[in-house]
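Read through the structure below, which is laid out as structure tokens, and then see the notes.
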Number of protein chains: 2
Amino acid sequence: MKVTIYDVAEKAGVSIATVSKVINNTGNMRESTRQKVMRVMEELNYYPSVMASALTGKKTQTLGLLVPDISNPFFSEMARTIEDSAHEQGMSVIMCSTDEDEEKEKKYLELLRRKQVDGFIIASSFREKKLLEGIKSAGIPMVMLTQNSGTLGVTSISVDDFTGGYEATSHLLSLGHENIVIITEPRLSSKMRLYGFREAYETYGFSYKEELVMETVASMENGKQCFQEIFQKKKRPTAVFACNDLIAIGVIQGAREHGLNIPEDLSIVGFDNTILATTTVPSLTTVAQPIKEMGKKVVDVIVDHIQHGEKNAERILFKPTLIARDTTGKPHKNG
Amino acid sequence: MKVTIYDVAEKAGVSIATVSKVINNTGNMRESTRQKVMRVMEELNYYPSVMASALTGKKTQTLGLLVPDISNPFFSEMARTIEDSAHEQGMSVIMCSTDEDEEKEKKYLELLRRKQVDGFIIASSFREKKLLEGIKSAGIPMVMLTQNSGTLGVTSISVDDFTGGYEATSHLLSLGHENIVIITEPRLSSKMRLYGFREAYETYGFSYKEELVMETVASMENGKQCFQEIFQKKKRPTAVFACNDLIAIGVIQGAREHGLNIPEDLSIVGFDNTILATTTVPSLTTVAQPIKEMGKKVVDVIVDHIQHGEKNAERILFKPTLIARDTTGKPHKNG
DNA sequence: TTGAAAGCGCTAACAC
DNA sequence: GTGTTAGCGCTTTCAA
């Protein structure tokens with residue numbers, strides 16, 4: 001049925017050890033033997049089993065990627081670069097969308113562990129850090145993406161969220177907005193962005209108030225709903241800073257449905273700079289994360305850990321870039 | 001180091017066979033033994049190795065998914081539902097973005113084969129059908145997604161592209177457009193949509209001409225470029241039917257940059273109904289594919305093949321739905 | 001330069 | 001009800 005190393009060995013008239021050597025390019029042998037074996041492998045359409053070789057202590061050449069939602073453009077764009085970089089190293093990636101749900105996080109982590117992935121890329125939140133500790137103490141390489149690892153002590157790759165939040169906010173403040181709402185997500189990165197928001201607010205001499213902060217899970221629908229709330233506030237804000245593009249887009253849609261003009265009646269800043277930011281009209285002012293570089297870096301790091309063992313945990317921060325487009329402007333005098 | 005079935009057996013004071021039985025819920029045994037083994041597995045943090053069990057003839061519980069580009073919202077939305085359905089069945093999915101590149105298709109197919117995935121979901125084009133024949137003749141389950149399998153004889157899941165193309169086009173024709181350009185992709189699905197386009201064109205009594213057809217690879221950038229070409233045509237078309245949303249959005253952007261009003265100066269219809277269709281302004285008239293149902297169906301089918309063997313190849317067509325939004329309207333008299 | 005054989009972690013008869 | 005054992009397909013000493 002399935003062709004194995006034995007079939008190849010037999011047909012080539014050598015031992016399986018020899019075949020194994022040509023597969024892995026190890027040991028020495030007569031060039032003619034190597035050629036012959038190669039030829040037979042071709043003829044027989046032989047594909048060495050990764051399973052079997054993994055069982056003997058080799059790697060599975062597989063990475064586990066846990067993201068909140070692969071259909072969120074931010075993560076799908078990230079996944080794409082991760083996938084490409086991984087494939088360059090001969091590794092494939094198993095994707096898992098957790099919805100930031102603790103049950104799923106646990107389940108997928110276990111599943112991937114049973115599949116002996118060589119390493120984990122964690123972009124989901126894992127409020128329950130114990131789950132991650134298990135894999136850390138098992139010595140399986142792991143790196144955090146778009147968030148730092150807190151007390152866990154593994155290397156993390158993210159954008160400088162504090163600065164990103166600061167820049168988004170001061171862009172708005174410098175345009176003259178004084179009543180800005182921030183919509184956060186229940187993630188660590190949002191927390192840092194919120195601190196940046198606060199810092200900017202106070203730097204500009206305004207007093208930061210709790211009531212400026214809203215929280216929701218990333219989706220367009222939820223963004224729309226946030227707009228509703230904002231719309232009903234007594235003292236209506238003139239600007240909103242959404243912690244990601246998806247939410248920002250939802251706010252825009254909500255605003256349009258209520259007949260507001262953007263940015264005249266409401267300025268909006270997003271975060272991520274996904275494809276959505278450029279396709280919406282007016283195009284979205286947002287804080288760009290260097291998705292491609294981050295994706296590439298994260299596999300470089302994990303592959304390095306896999307091959308050369310865990311290094312000291314680093315915290316790698318990428319620089320966010322404010323991209324001013326058309327959803328931000330000066331507030332109306334009577335805003 | 002790694003805890004194995006032996007460690008569990010030893011600590012529980014039973015044989016590995018017994019442990020294996022509790023893992024797989026097979027055979028009978030005293031309830032107390034089962035309990036004890038379970039407890040020890042917990043204590044030891046034991047994760048049965050999928051590798052090892054796969055080696056003994058069991059499945060790997062892994063699906064291979066080949067798409068052109070996971071960062072295209074159509075495919076990322078599809079991937080999400082596939083992933084969810086697969087996880088419900090205890091399977092995970094390895095994603096591969098081929099860019100419709102033959103080299104990559106070949107490489108990823110081999111890699112996945114070496115990893116002994118239980119089945120393939122093929123949404124990439126595979127112009128070189130020989131590649132797929134290999135896996136078919138190896139008896140590995142496979143199903144085509146968003147395209148039918150041609151002479152390959154495997155079951156396929158797609159939308160009724162012909163009808164979709166027909167409806168998109170007659171929507172435009174019935175609005176009074178007479179000079180419509182279609183932008184296709186180099187994929188089989190586009191070919192069917194083109195036939196639908198042609199059929200509609202002729203049904204309405206107009207003569208279809210080759211020069212109405214453009215072809216490009218799906219991306220916003222390419223959509224923009226197509227607009228350039230359209231813009232320069234002597235007899236400027238009043239409408240375009242793009243074979244997917246990404247391209248359609250590109251056309252919209254191109255048109256806006258040239259100061260055209262949509263739909264007054266140019267009507268546009270897309271295909272897929274991804275998130276992009278709702279976030280753009282004006283919102284995109286497009287032909288919806290039931291992404292969720294298709295994704296669910298495709299894993300149902302593949303799982304069934306894996307478990308009960310290949311059935312007769314079916315061709316499963318889902319119904320496309322034209323969603324008229326704001327990028328289509330009557331043509332200008334002097335269009 | 002090549003091969004024999006032990007072992008990776010598990011499953012599935014088949015004994016006891 | 002429970003254990004023994006022969007593989008699964010491969011890698012890797014160690015001998016020859």
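Proteins come first, then strands; the chains are lettered A, B, ... in the order of their sequence lines, and each starts at number 1.
Counted by atom type alone, A:S189 and A:D161 present zero donor-acceptor pairs between their side chains at under 3.5 Å. Defined by atom type and a distance below 3.5 Å, a donor-acceptor pair is present between the side-chain atoms of A:E105 and A:S124.
Annotation: salt bridge (charged side-chain N to carboxylate O under 4.0 Å, His left out) contacts involving residues 37-56 of chain A, sequence neighbours excluded, comprise A:K11-A:E43. Applying the salt bridge (charged side-chain N to carboxylate O under 4.0 Å, His left out) definition to pairs two or more places apart or across chains, those involving residues 76-96 of chain A are A:R80-A:D84, A:R80-B:D69, A:R80-B:D99. Among residues at least two apart or in separate chains, there is no salt bridge (charged side-chain N to carboxylate O under 4.0 Å, His left out) pair with a member in residues 133-148 of chain B.
Considering only heavy atoms from C-beta on, B:S156 comes within 4.5 Å of B:R315 through its side chain. Between B:V298 and B:T81, every side-chain heavy-atom pair lies at or beyond the 4.5 Å cut-off. Residues A:N72 and A:P68 have side chains not in contact (no heavy-atom distance under 4.5 Å, counting atoms from C-beta outward).
Shown here are the side-chain contact (heavy atoms from CB on, under 4.5 Å) partners of A:R34, two or more places apart in sequence or in another chain: A:V22, A:N25, A:M29, A:E31, A:M38. Under the ring pair (Phe, Tyr, Trp, His ring centres under 6.0 Å) criterion, A:H305 pairs with no residue, sequence neighbours left out. With sequence neighbours excluded, no residue forms a ring pair (Phe, Tyr, Trp, His ring centres under 6.0 Å) with A:F126. B:F74 meets the ring pair (Phe, Tyr, Trp, His ring centres under 6.0 Å) test with no other residue; sequence neighbours excluded.
Rounded to 10 degrees, the angle separating the terminal helix axes of the helix from C:dT1-D:dA16 to C:dC16-D:dG1, each built from five base pairs, is 40°.
The stretch residues 45-59 of chain B touches DNA chain D through B:L55, B:T56, each having a heavy atom within less than 4.0 Å of the strand. Against DNA chain C, the stretch residues 19-34 of chain B makes heavy-atom approaches under 4.0 Å through B:S20, B:N24.
Protein chain A contacts DNA chain C over a range whose 5' and 3' limits, counting nucleotides with an atom under 4.0 angstrom from a non-hydrogen atom, are C:dT1 to C:dG9. The outermost nucleotides of DNA chain D lying under 4.0 Å from heavy atoms of chain B, listed 5' to 3', are D:dG1 to D:dG9.
Around the CD atom of B:E10, the shell of radius 6.0 Å holds no more than 12 heavy atoms that belong to other residues, nucleotides or ligands. Heavy atoms of other residues, nucleotides or ligands lying less than 6.0 angstrom from NZ of A:K104 number more than 12.
Mapping B:I5 and A:V14 onto DNA chain C via the closest heavy atom, the residue that lands nearer the 5' end is A:V14.
Put simply, the side chain of B:S125 never gets that close to the backbone of B:R127: no donor and acceptor are under 3.5 Å apart.
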